[in-house]
Amino acid sequence: MTRSQTTHFGDITPDGTPVPLSGPGFHIDPQRLYQDMRREHGPVVAVELPGGFPAWLVIGYREMHQVTSDPELFPRDVSMWNQWPNVPEDWPLRPMVGQPMPSIYFTAGAEHRRHVAMVEPALDAVDPFELRRFCEDLADRLIDGFCGKGEVELVSEYAVPLPVLALARILGFPDEDGAQLAWTMKTLADGGADAQLGYAQFYGHMQSLVANTKARPPADNLVSRMLAHGGFSDEEYVLDLMAVTAAGHLPTSDWIGNSVRLMLTDDRFAAALGGGRHSVGQAMNEVLWEDTPTQILAGRWAARDTRLGEKVIRRGDMLLLGLAAANADPHVRQHASDSVEPAYSGNCAHFAFSHGEYRCPFPAQQIAEIIARTGIEILLDRLPDIDLAVPAQTLVRRPSAFLRGMTSLPVRFTPVRAVGGTP
């Protein structure tokens, strides 16, 4: 940690040492970790990012609502970060935190709304019925690839390829590019040594997609609709497509994996394994509350000195949105019970898609839900006796404080015939 960073921490956290935002607690038992944070530090916690960079982690539900509802005081303007002079070019979290760029995800105010006005209608034009039909076909083809074996690792063979192939169709990507696209986004999310390489390859994929789409007659895909809107540079189109794809792929994959894991390990959902589709929606909603794929979102930056959760926030400080922690805040958990019915049935007041002006666009939420729900329903229809192939306690999560998903989900089932087509 640099001297300037140490001094800054002394200024903003006079009441304690920052909590390192790394370690096994975030992927083994994050809720226990958030409980300890809440007890010891309150709803706003001074944390330290890898590399020694200070930030505030917002874990209170009310405080989260306050931050996400006030884009003037807490804009998503990464250029405001007061630590930029200390950040090296090869910092592994740089691609996730971002840097000033003309993208829907890294702009604020009127410029952000200009990007939304182009991206959101293009997403909204995706036909939900056509998307579901395509996802059903994709799911069947993927399941055909392993249904005769009696066992499969669901994350790599199903939960990861299904969303990326669906997104490839929405964007206008060739299906054969899906595997490499999935690798780049996973590498970015993990924030490891290959994160910068993953970002460069991701950018290259989208750059080629924009160029190829421009060279062809207009088609019914997301990129063509965005290009038809006009008024943006190629760089802006590329960056917006990167934001849409990154936000749509890995969280949707984890939504599938986390929901299937819940249904295979919780007796309340046993009926769904025999074809009760109503329970699929309940499980998916409970995952958004209890095991949301996006645990921490970077970020917001304070436009001026202020107070939040009894902490003094300085101008330019980074605020990380602790979505999973806020969902577990005791102030909103009073209705949860140990009843037979799944908790939070029908309650969608979670922060899984963030909130406010910078929330995940509603059409994107609908697209993710169609992909995930269709994938789970077809899987359970085709393999009704599916079960874990390993003890539940041995399942391993991704080593990330930001995204929560299974590294693998081995299952077994009675082999069945393929329905046709090739995976």
Side-chain angles (χ1 to χ4, degrees), residues 1-10 12-13 15-60 64 78 81-84 86-99 184-199 246 250-251 254 258 291-301 309 311 313 317-328 351 395-408:
M1 182 182 293
T2 66
R3 180 177 178 84
S4 63
Q5 288 170 295
T6 304
T7 301
H8 185 67
F9 255 141
I12 66 173
T13 60
D15 55 345
T17 302
V19 177
L21 201 67
S22 60
F26 284 100
H27 52 92
I28 293 176
D29 192 0
Q31 292 304 342
R32 174 66 63 85
L33 189 63
Y34 296 140
Q35 288 174 10
D36 293 343
M37 284 185 184
R38 187 173 285 108
R39 183 181 63 254
E40 297 173 13
H41 301 278
V44 180
V45 183
V47 297
E48 181 180 283
L49 292 166
F53 297 100
W56 296 102
L57 178 62
V58 183
I59 63 173
M64 180 73 69
V78 65
W81 194 19
N82 50 29
Q83 290 298 304
W84 276 124
N86 306 315
V87 180
E89 287 294 330
D90 61 350
W91 187 45
L93 288 185
R94 193 175 186 127
M96 179 170 284
V97 171
Q99 55 191 344
T184 60
M185 285 181 283
K186 179 183 182 300
T187 304
L188 282 175
D190 288 347
D194 291 334
Q196 296 282 355
L197 174 62
Y199 180 85
L250 203 54
D254 289 344
N258 293 355
D291 201 23
T292 183
T294 304
Q295 298 272 298
I296 297 175
L297 195 62
R300 302 288 188 272
W301 286 266
K311 301 293 172 60
I313 312 295
D317 281 356
M318 178 195 292
L319 291 94
L320 300 170
L321 306 184
L323 308 179
N327 285 346
F351 283 109
L395 295 174
V396 178
R397 299 282 189 168
R398 181 181 299 109
S400 171
F402 292 84
L403 295 174
R404 183 165 172 81
M406 313 304 304
T407 58
S408 67

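Predicted model only: the values in this text are computed from it and were never measured.
Here CD of Gln31 is found 8.0 Å from CZ of Arg38. Values are rounded to the nearest 0.5 Å. Considering CH2 of Trp56 and CG of Asp317, their distance stands at 7.0 Å, rounded to 0.5 Å.
The two residues Met64 and Val58 have their closest heavy-atom pair at CE-O, 3.4 Å. Annotation for Phe26 and Pro20: closest pair CE1-O, 3.5 Å, computed over non-hydrogen atoms. Contact between Thr407 and Pro399 at its shortest, heavy atoms only, is CG2-CD, 4.5 Å. When every heavy atom of Met406 is checked against every heavy atom of Arg397, the shortest pair comes out as SD-NH1, 3.3 Å. Across every non-hydrogen atom of Leu320 and Ala298, the tightest pair is CD2-CB, 3.7 Å. The minimum heavy-atom distance linking Ile59 with Gly42 is given by the pair CD1-O, 3.5 Å.
For Gln99, the side chain to side chain contact (heavy atoms under 4.5 Å, CB included) test picks out Trp84, Arg94, Met101, with sequence neighbours left out. The ring-ring contact (aromatic ring centres under 6.0 Å, His included) check on Tyr34 picks up nothing, with sequence neighbours excluded. For Arg404, the salt bridge (charged side-chain N to carboxylate O under 4.0 Å, His left out) partners are Asp291, not counting sequence neighbours.
For the pair Lys311 (side chain) and Ala46 (backbone), a donor-acceptor distance under 3.5 Å is absent. Using modelled atom types, no side-chain atom of Asn258 and backbone atom of Thr292 make a donor-acceptor pair closer than 3.5 Å.
Trp91 is listed as a side-chain neighbour of Leu49, based on a closest heavy-atom distance under 4.5 Å. Looking at Val97 and Phe53, their side chains never come closer than 4.5 Å, going by heavy atoms from C-beta outward. Looking only at side-chain heavy atoms (C-beta outward), Leu21 and Ile296 come within less than 4.5 Å of each other. With contacts defined as side-chain heavy-atom distances shorter than 4.5 Å, the pair Phe351/Leu321 does not qualify.
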Should Thr294 and Leu403 be marked as a side chain to side chain contact (heavy atoms under 4.5 Å, CB included) after you check the CA-CA gap, both sets of side-chain angles, and the distance that decides it? CA-CA 5 Å; Thr294 304; Leu403 295 174; 3.8 Å; yes

